[in-house]
Amino acid sequence: MHKFSTLNFIKEIQNTVSTFLADSYDHVVEPDKVIVNTTSKDFDGDYTVVLFPFVKALKKSPNELGEELGKAIVSSSNSLCKGFNIIKGFLNLELSNESWKTLLKHVFETKDSLGKDQMPEQISLVEFSSPNTNKPLHLGHIRNILLGWSCSMILKEVGQKVINTQIVNDRGVAICKSMLAWEKAGANETPENTGIKGDHLVGKYYVAFDKLFNQEYKDWQSTEDAQNLYVEKKKEDQSQEGFFKGYKNQYFNNQSKIGSETREMLLKWEDQDAAVRSLWEQMNAWVYDGFDKTYEALRVSFDKIYYESETYKLGKSIIEQYLQKGLFFKKEDGSIWVDLEDVGLDKKLLLRSDGTSVYITQDIGTAQKRYEDFSMDKMVYVVGNEQDYHFQALFETLKKMGASYADSLYHLSYGMVDLPSGKMKSREGTVVDADDLIAEVIAEARASAQEFGNLESLTEAEKEEIFTRIGLGALKYFIIKVHPKKRMTFDPKQSVDMQGQTGPYIQNAFVRVQSILRKSDGTNGSFAAYESVEEAEKQLLVLIASFPTVLLEAAVELDPSKVANFAYALAKEFHRFYHDVRILNAPDEARNFRITLIETVATILERSMRLLGIDMPARM
RNA sequence: GGCUCCAUAGCUCAGCUGGAUAGAGCAACUGCCUUCUAAGCAGUAGGUCUUAGGUUCGAAUCCUAAUGGAGUCACCA
């Protein structure tokens with residue numbers, strides 16, 4: 001017979017059931033196929049075994065089988081399980097007072113390490129943020145950054161060696177647009193002489209370029225050439241507006257004056273033209289300075305940054321190399337392609353006819369470079385779901401190339417962020433700027449904290465730190481609680497909300513514990529004689545015991561929202577407990593039990609939130 | 001049009017490796033601060049889990065189809 005040897009009750013119950021069925025009925029069920037849930041609150045008990053799957057196979061009544069299983073579990077549990085009841089095919093098990101005390105002792109002693117190192121120590125690269133250098137970071141980047149950071153933290157927690165990385169798209173048409181507009185209309189503006197943050201200044205010229213081009217395009221539309229083209233090429237009933245909207249790219253590439261100036265600049269850049277390179281370096285430096293400030297404000301950091309300007313050539317040479325091997329093919333115009341039709345995709349362009357590189361070109365180079373640098377076991381790309389197809393094509397191309405790391409690549413595809421008014425559109429100025437947003441949530445936290453007035457005794461710097469933690473806590477939690485794959489609506493009003501299922505609500509649970517601990521004078525003795533563990537205390541222990549499982553699931557699925565929802569559930573249970581149960585002035589045994597319990601709760605909450613990139617304040 | 005993803009309360013989201021009467025928060029309404037921080041707690045109200053079939057002892061969960069929405073199918077990223 002199987003005997004309970006750990007405090008992982010679910011696992012022990014599963015093992016006991018599996019062993020019992022094998023011994024008594026010669027019926028083989030894998031332990032992890034035995035369904036054990038926490039008992040629903042409408043019934044008596046703590047854990048529940050679902051009997052239906054066995055009832056059918058063994059042709060026994062649920063009550064009969066439940067009776068046998070219940071007895072087997074009680075007798076093999078080393079007094080941890082004291083009784084059971086059977087209702088409609090569910091076997092509800094009731095744990096003994098002793099088991100809760102043993103469990104508390106165990107989770108308290110291991111509270112700092114509970115759930116850690118459950119995965120093999122492998123090297124994972126997590127790529128996130130990966131901005132273009134032509135404009136500042138916005139709300140979309142924030143979701144990306146928070147997801148990437150949190151996945152990185154979670155993987156580290158379960159024992160992986162993680163390297164935070166990004167690929168900065170620092171070259172190409174986009175940055176040339178900003179550069180060109182700055183040359184034309186910049187009046188030598190710099191971050192220093194304007195006081196504008198570097199990335200915002202460059203973004204300003206990106207917008208300026210767009211205006212210049214739109215003006216040029218609009219002027220051209222009324223020329224005879226344009227009108228003739230419209231009449232000649234329009235689809236049936238197509239309005240002039242609709243036609244010219246669709247023609248925009250073609251105009252930019254083939255007719256636009258400012259468009260050809262942009263391409264000229266790009267070619268000069270590739271030819272190492274000194275003036276272009278120097279302007280490029282200067283404007284990128286402004287941008288990086290701005291990005292660094294945003295990352296700092298968000299409290300995230302990177303271990304290794306790759307730049308497209310440094311990897312695109314490697315990509316080109318790899319493609320040339322595999323072209324020679326006959327894996328890729330060249331069209332008459334000189335462009336190079338890979339045929340992915342055998343894996344259900346299309347033909348994909350790898351290199352333009354003029355020899356310049358596209359997105360996938362440098363991606364191939366970057367992947368190779370990363371493998372040379374880190375020999376990673378796993379590579380996670382945090383990139384929005386509008387690029388699903390691109391990553392399929394990239395991964396399939398690398399597989400065709402026989403890259404040894406091709407199977408370890410994973411695209412963490414997340415949904416777009418919408419505003420209540422709909423999609424964010426840069427053209428309509430509805431993009432939510434990252435820096436503005438961060439400042440706003442902190443200001444909101446400051447305003448509420450001042451209303452509460454609990455921080456009077458602190459210095460200004462201490463207060464500011466707390467406002468920042470609360471504001472960022474609200475923002476980050478709001479975004480990360482949603483499953484990554486789902487498209488989400490970002491309501492600015494709700495994001496600064498601090499009541500209910502929010503970051504500050506969870507922080508507040510932690511703060512309440514700290515407040516009690518400060519008043520407890522550190523006195524905390526034995527609770528060996530505590531005889532009546534309360535329902536709320538059991539619930540907290542059940543949740544704490546489930547933390548390792550939640551953590552592992554979050555790591556395997558790369559889903560931080562699991563941790564976020566767990567933290568909320570634990571905080572909610574704590575708030576209820578705090579309200580219902582006296583702690584400091586309870587009888588000694590109860591007081592000791594409860595202080596030990598809430599200290600464990602606080603640690604697990606703090607660890608959970610840290611995995612989401614959220615810091616706990618000691619007061620609020 | 002092909003392919004991919006999504007659809008749960010008025011709103012924002014959990015639950016989805018099938019299990020008991022589908023859960024939270026926000027918004028609305030009602031209570032609870034001389035007692036460890038009320039950024040809290042308790043309660044009322046709110047649902048044909050988009051629809052139609054199917055598999056199953058059992059379906060929000062799995063399968064098929066339809067509907068609605070999004071993305072993608074660039075010598076953009």
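In what follows, chains carry the letters A, B, and so on, assigned in the order in which the sequence lines appear, proteins first and then strands, with residues in each chain numbered from 1. Since the model is a prediction, treat every value here as computed from it, not as a measurement.
Taking the P atom of each, B/rU61 and B/rU17 are spaced 11 Å apart, rounded to whole Å. Comparing the C1' positions of B/rC5 and B/rG18 gives a spacing of 23 Å, expressed to the nearest Å. Here, B/rG58 and B/rC16 have their C1' atoms 16 Å apart, quoted to the whole Å. Nucleotides B/rG54 and B/rA28 have their P atoms positioned 44 Å apart, rounded to a whole Å. Distance noted for atom C1' between B/rA27 and B/rA9: 12 Å (whole Å). As rounded to the nearest Å, B/rG43 and B/rG23 have P atoms that lie 13 Å from one another. Remark: the separation of the C1' atoms in B/rC11 and B/rA74 is 38 Å, to the nearest Å. Comparing B/rA7 with B/rU48, their C1' atoms sit 15 Å apart, to the nearest whole Å.
In this structure, A/R352 contributes its side chain and A/S335 its backbone to no donor-acceptor pair below 3.5 Å.
With hydrogens and angles ignored, no donor-acceptor pair closer than 3.5 Å exists between the side chain of A/D491 and the base of B/rU12. In this model, a side-chain donor or acceptor of A/N92 finds a partner on the base of B/rA20 within 3.5 Å. At a cut-off of 3.5 angstrom, counting only N and O atoms as typed in the model, there is a donor on one side and an acceptor on the other between the side-chain of A/T48 and the base of B/rA20. For A/N37 against B/rA20, no side-chain N or O and base N or O form a donor-acceptor pair under 3.5 Å.
Of the candidates B/rA20, B/rG25, B/rA14, B/rA20 carries the atom nearest the A/F43 side chain, counting heavy atoms from C-beta on. Distances from the side chain of A/V50 to the nucleotides B/rU72, B/rA14, B/rG19 place B/rG19 closest. For A/Q499, the side-chain atoms get nearest to B/rC26 when compared with the rest of B/rC26, B/rC76, B/rA20. The listed nucleotides are B/rC36, B/rG40, B/rA20; the one nearest the side chain of A/R582 is B/rC36. When distances run from any side-chain atom of A/V511 to the nucleotides B/rU21, B/rU37, B/rG40, the shortest one goes to B/rU37. Of the listed nucleotides (B/rA20, B/rU37, B/rC36), B/rC36 has the atom at the smallest distance from the side chain of A/L584. Taking the side chain of A/V482 as heavy atoms from C-beta on, and the options B/rA42, B/rA14, B/rU37, the nearest nucleotide is B/rA14. Relative to the side chain of A/E386, the nucleotides B/rG40, B/rA42, B/rU72 differ in distance, and B/rU72 lies closest. Taking the side chain of A/Q494 as heavy atoms from C-beta on, and the options B/rU21, B/rC26, B/rU12, the nearest nucleotide is B/rU12.
The aromatic rings of A/Y251 and A/Y247 are tilted relative to each other, their planes meeting at an angle between 30° and 60°. Note: A/F593 and A/F527 have perpendicular aromatic rings, judged against thresholds of 30 and 60 degrees for the angle between ring planes.
When the C1' atom of B/rU4 is taken as reference, atom CZ of A/F391 falls 16 Å away, rounded to whole Å. As a whole-Å value, the separation of A/I506 CD1 from B/rC13 P is 17 Å. Protein atom CG of A/D580 is 17 Å distant from nucleotide atom P of B/rU35, rounded to whole Å. We find that CG of A/N592 is positioned 20 Å from P of B/rC36, with the value rounded to whole Å. Rounded to an integer number of Å, the gap from CG of A/L350 to C1' of B/rC76 is 15 Å. The OH atom of A/Y47 sits 18 Å away from the P atom of B/rA20 (whole-angstrom rounding). Rounded to whole angstrom, the span from the CG atom of A/L345 across to the P atom of B/rG2 amounts to 17 Å. Computed from coordinates, the A/I35 CD1 to B/rA20 P distance equals 10 Å when rounded to whole Å.
Contact check, A/R487 against B/rC5: no side-chain N or O comes under 4.0 Å of OP1 or OP2. The phosphate of B/rA14 (OP1 or OP2) has a side-chain N or O of A/K486 nearer than 4.0 angstrom. Residue A/K572 has no polar side-chain atom (N or O) positioned under 4.0 Å from OP1 or OP2 of B/rA24. An OP1 or OP2 oxygen of B/rA74 is reached within less than 4.0 angstrom by no side-chain nitrogen or oxygen of A/Y359. At the phosphate of B/rU37, OP1 or OP2 sits under 4.0 Å from a side-chain N or O atom of A/K519. Listed pair A/Y381 / B/rA77 fails the phosphate criterion, with no side-chain N or O lying under 4.0 Å from OP1 or OP2. Contact annotation: A/R512 reaches the phosphate of B/rA38 (side-chain N/O to OP1 or OP2, under 4.0 Å).
When ring centroids are compared, A/F90 and A/F52 come within the 6.0 Å threshold.
Between A/D559 and A/K562 there is a salt bridge, with a side-chain nitrogen of the basic residue lying less than 4.0 Å from a carboxylate oxygen of the acidic one. The pair A/E396-A/K348 does not meet the salt-bridge criterion, since no charged nitrogen lies less than 4.0 angstrom from a carboxylate oxygen. Salt bridge present: A/E270 and A/K316 bring a charged side-chain N and a carboxylate O closer than 4.0 Å. Remark: A/R487 engages A/D418 in a salt bridge, criterion side-chain N to carboxylate O under 4.0 Å. Remark: A/E456 does not engage A/R619 in a salt bridge, criterion side-chain N to carboxylate O under 4.0 Å.
Figure legend: A/K177 and A/F252 shown as a cation-pi pair, the cationic atom lying under 6.0 angstrom from the six-membered ring centre and within 45 degrees of its axis.
In this structure, B/rC26 shows a glycosidic angle more than 90 degrees from zero, which is the anti conformation.
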### Query
So A/Y568 and A/Y505, ring pair (Phe, Tyr, Trp, His ring centres under 6.0 Å) or not? Walk me through it.
CA-CA 8 Å; A/Y568 174 67; A/Y505 173 94; 5.4 Å; yes
Please produce a list of atom pairs where a protein N or O lies less than 3.5 Å from an N or O of nucleotides 56-64 of chain B.
from: B/rC57; atom 1: OP1; to: A/K56; atom 2: NZ; distance (Å): 2.5

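Checked by atom type, the side-chain pair A/N144/A/Y414 shows a donor-acceptor distance below 3.5 Å.
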### Query
How does RNA chain B look in dot-bracket form if you count Watson-Crick and G-U pairs under 3.5 Å, write [ ] for pairs that cross, and put | where a base pairs with another strand?
(((((((..((((.....[...)))).(((((.......))))).....(((((..]....))))))))))))....
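Residues that satisfy the side-chain hydrogen bond (donor to acceptor under 3.5 Å, both in side chains) test with A/K11, not counting sequence neighbours, are absent from this structure.
Along RNA chain B, the nucleotide nearest to A/R352 and the one nearest to A/T502 differ in position, and the one closer to the 5' end is contacted by A/T502.
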